[in-house]
Engineer: 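The structure follows.
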Amino acid sequence: MNEPPTVAFVPGNGHVDARLAPARAAVERLDPPDRFDVRSIDYGAHGTFDALLDGVRAESDGSDLVYATGIGGLVVLALRARGDLLDVPTILQGPVLWGLETRRFPRLMRLPGMPNALVAALSTPAIRRRFERRHFARPLEEPLRSTFFDGYRDARAFARWFGWLTPALLRRLEESLGGRDDLVRGIDAWWGLRDHVVTPEELERTERALNVSIPLRTFADWSHYPMIDAPDDWVREVSRALASAPRVD
């Protein structure tokens, strides 16, 4: 019997594996031929961005599809700039890309102490309720609510992101990826039109900065977290993407 295809899930900055519980439950509701495995990449406690990239590359080995969300989008582009994962079909969903340079949140998080302050704020019920109302299509239920917000505290690389993902990184990626359609071939962008974290303008700015084109597909009812608040729809779309993608030997 053939093994199911594997998706390497390259997550955002507060991700913990338990956040994928709704998606994995939805996979089990698919007909067996359509099922797949989701391999959540563990960013770990790497001391440098290059070491983190090495770890992501190793954990993605043998995957049939790379699916990156949030800051995972920049991780994937940094890997592509090194010549890694070029033959693996890739989806960037709601990625944080060149808006990193001008959006207020990344700038604030680069100030001393701000990542820890954010983690503390997200431990309070009032901030959690406000975040949930803005960023989810429907209210979360326990224990998923606690799992989601505690992820910012428990994700081992959280505070490091804002020292690694800077305008200086964007300049390096512009040098490596600029005009190089071969290095972004096989990447598609997916965007929820209810995404209040990043909008498709993020992709437009990135395409201008890199002088490349990345196909865009939008989803009217998706937020920034469809794998959590629309898991059945999400796994169906990922299963279809896998069905049309070449299998990795």
Side-chain angles (χ1 to χ4, degrees), residues 1-44 56 59-60 62-73 75-76 88-95 122 125 128-129 131-156 158 188 190-197 217-245 247-248:
M1 180 180 298
N2 292 333
E3 293 293 322
T6 299
V7 176
F9 185 85
V10 185
N13 59 14
H15 181 83
V16 290
D17 186 68
R19 284 190 180 185
L20 288 175
R24 291 189 172 119
V27 168
E28 294 302 310
R29 293 191 287 270
L30 292 174
D31 292 333
D34 298 326
R35 293 178 185 173
F36 55 92
D37 289 332
V38 183
R39 180 190 302 163
S40 181
I41 301 301
D42 180 5
Y43 288 134
V56 174
E59 288 192 61
S60 303
S63 299
D64 299 280
L65 178 73
V66 169
Y67 190 100
T69 186
I71 52 86
V75 172
V76 166
V88 186
T90 297
I91 293 168
L92 308 182
Q93 180 252 309
L122 288 173
R128 289 186 174 192
R129 287 193 297 270
F131 185 104
E132 192 175 342
R133 286 195 301 268
R134 179 167 176 76
H135 295 302
F136 285 94
R138 58 187 57 83
L140 300 176
E141 296 181 356
E142 292 293 354
L144 182 60
R145 177 182 291 111
S146 294
T147 294
F148 178 86
F149 288 107
D150 289 348
Y152 292 96
R153 178 197 67 201
D154 297 337
R156 289 181 290 166
F158 178 72
D188 291 300
W190 287 6
W191 233 288
L193 296 183
R194 299 179 67 178
D195 188 335
H196 297 298
V197 177
R217 183 182 177 197
T218 59
F219 298 82
D221 297 325
W222 282 16
S223 70
H224 190 63
Y225 306 101
M227 67 293 301
I228 294 175
D229 60 13
D232 289 290
D233 191 31
W234 184 77
V235 300
R236 282 193 298 268
E237 294 297 342
V238 173
S239 181
R240 289 168 184 156
L242 280 164
S244 63
R247 291 295 297 269
V248 176

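Side-chain atoms are counted along with the backbone in the values below, which use heavy atoms only and exclude waters and symmetry mates.
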Engineer: Hey, could you give me the CD/OG1 distance between E142 and T147, rounded to the nearest 0.5 Å?
Structural biologist: 8.0 Å
Engineer: Do the rings of F149 and F131 sit parallel, tilted or perpendicular, given the 30° and 60° boundaries?
Structural biologist: perpendicular
Engineer: I'd like to check W234 versus P22 (side-chain heavy atoms, cut-off strictly below 4.5 Å). Are they in contact?
Structural biologist: no
Engineer: To the closest 0.5 Å, what do you measure between CZ (F136) and CZ (F148)?
Structural biologist: 3.5 Å
Engineer: Assess whether atom CG of D221 is packed by more than 12 heavy atoms of other residues, nucleotides or ligands within 6.0 Å.
Structural biologist: no
Engineer: Which pair of non-hydrogen atoms, one from V235 and one from F36, has the smallest distance, and what is that distance?
Structural biologist: O-CE2, 3.6 Å
Engineer: For A241 and I91, which heavy atoms make the closest approach, and how far apart are they?
Structural biologist: CB-CD1, 3.9 Å
Engineer: Please check this pair: side chain of S40 against backbone of V38, looking for a donor-acceptor N/O pair closer than 3.5 Å.
Structural biologist: no
Engineer: Go through W190 and V238 one step at a time and tell me if the side-chain contact (heavy atoms from CB on, under 4.5 Å) criterion holds.
Structural biologist: CA-CA 11 Å; W190 287 6; V238 173; 4.3 Å; yes
Engineer: Does the side chain of D150 come within less than 4.5 Å of V16's, by heavy atoms?
Structural biologist: no
Engineer: Output all residues satisfying salt bridge (Lys or Arg N to Asp or Glu O under 4.0 Å) with D17, sequence neighbours left out; order by chain, then residue number.
Structural biologist: R24
Engineer: With no hydrogens and no angle check, is any side-chain donor or acceptor of D229 less than 3.5 Å from a backbone partner on A137?
Structural biologist: yes
Engineer: Under the 3.5 angstrom rule, does the side chain of S63 hit a backbone N or O of S60 as a donor-acceptor pair?
Structural biologist: yes
Engineer: I'd like to check the salt bridge (Lys or Arg N to Asp or Glu O under 4.0 Å) partners of R236; sequence neighbours left out, ordered by chain and number.
Structural biologist: D233
Engineer: Under 3.5 Å, side chain of S239 to main-chain N/O of D34, donor-acceptor pair present?
Structural biologist: yes
Engineer: Is the side chain of R128 donor-acceptor paired with the backbone N or O of L122 at a distance under 3.5 Å, no angle test?
Structural biologist: yes
Engineer: Please identify which of these residues, Y67, F219, W191, Y225, meets the side-chain contact (heavy atoms from CB on, under 4.5 Å) condition with Q93.
Structural biologist: Y67
Engineer: Does the cation-pi check pass for R19 over Y152, that is, NZ or CZ under 6.0 Å from the six-membered ring centre and within 45° of its axis?
Structural biologist: yes
Engineer: Enter the distance from I41:CD1 to E59:CD here, rounded to the nearest 0.5 Å.
Structural biologist: 4.5 Å
Engineer: How close do P89 and A245 get, heavy atom to heavy atom, and via which atoms?
Structural biologist: CG-CB, 3.7 Å
Engineer: Could you give the distance from CG (L242) to CG (D64), rounded to the nearest 0.5 Å?
Structural biologist: 6.5 Å
Engineer: Which value, rounded to the nearest 0.5 Å, describes the distance between I71 atom CD1 and H15 atom NE2?
Structural biologist: 10.5 Å
Engineer: Is H196 close to H224 at the side-chain level, that is, under 4.5 Å between some pair of heavy atoms?
Structural biologist: no
Engineer: To the nearest 0.5 angstrom, please state how far the CZ atom of R138 sits from the CD atom of E132.
Structural biologist: 11.5 Å
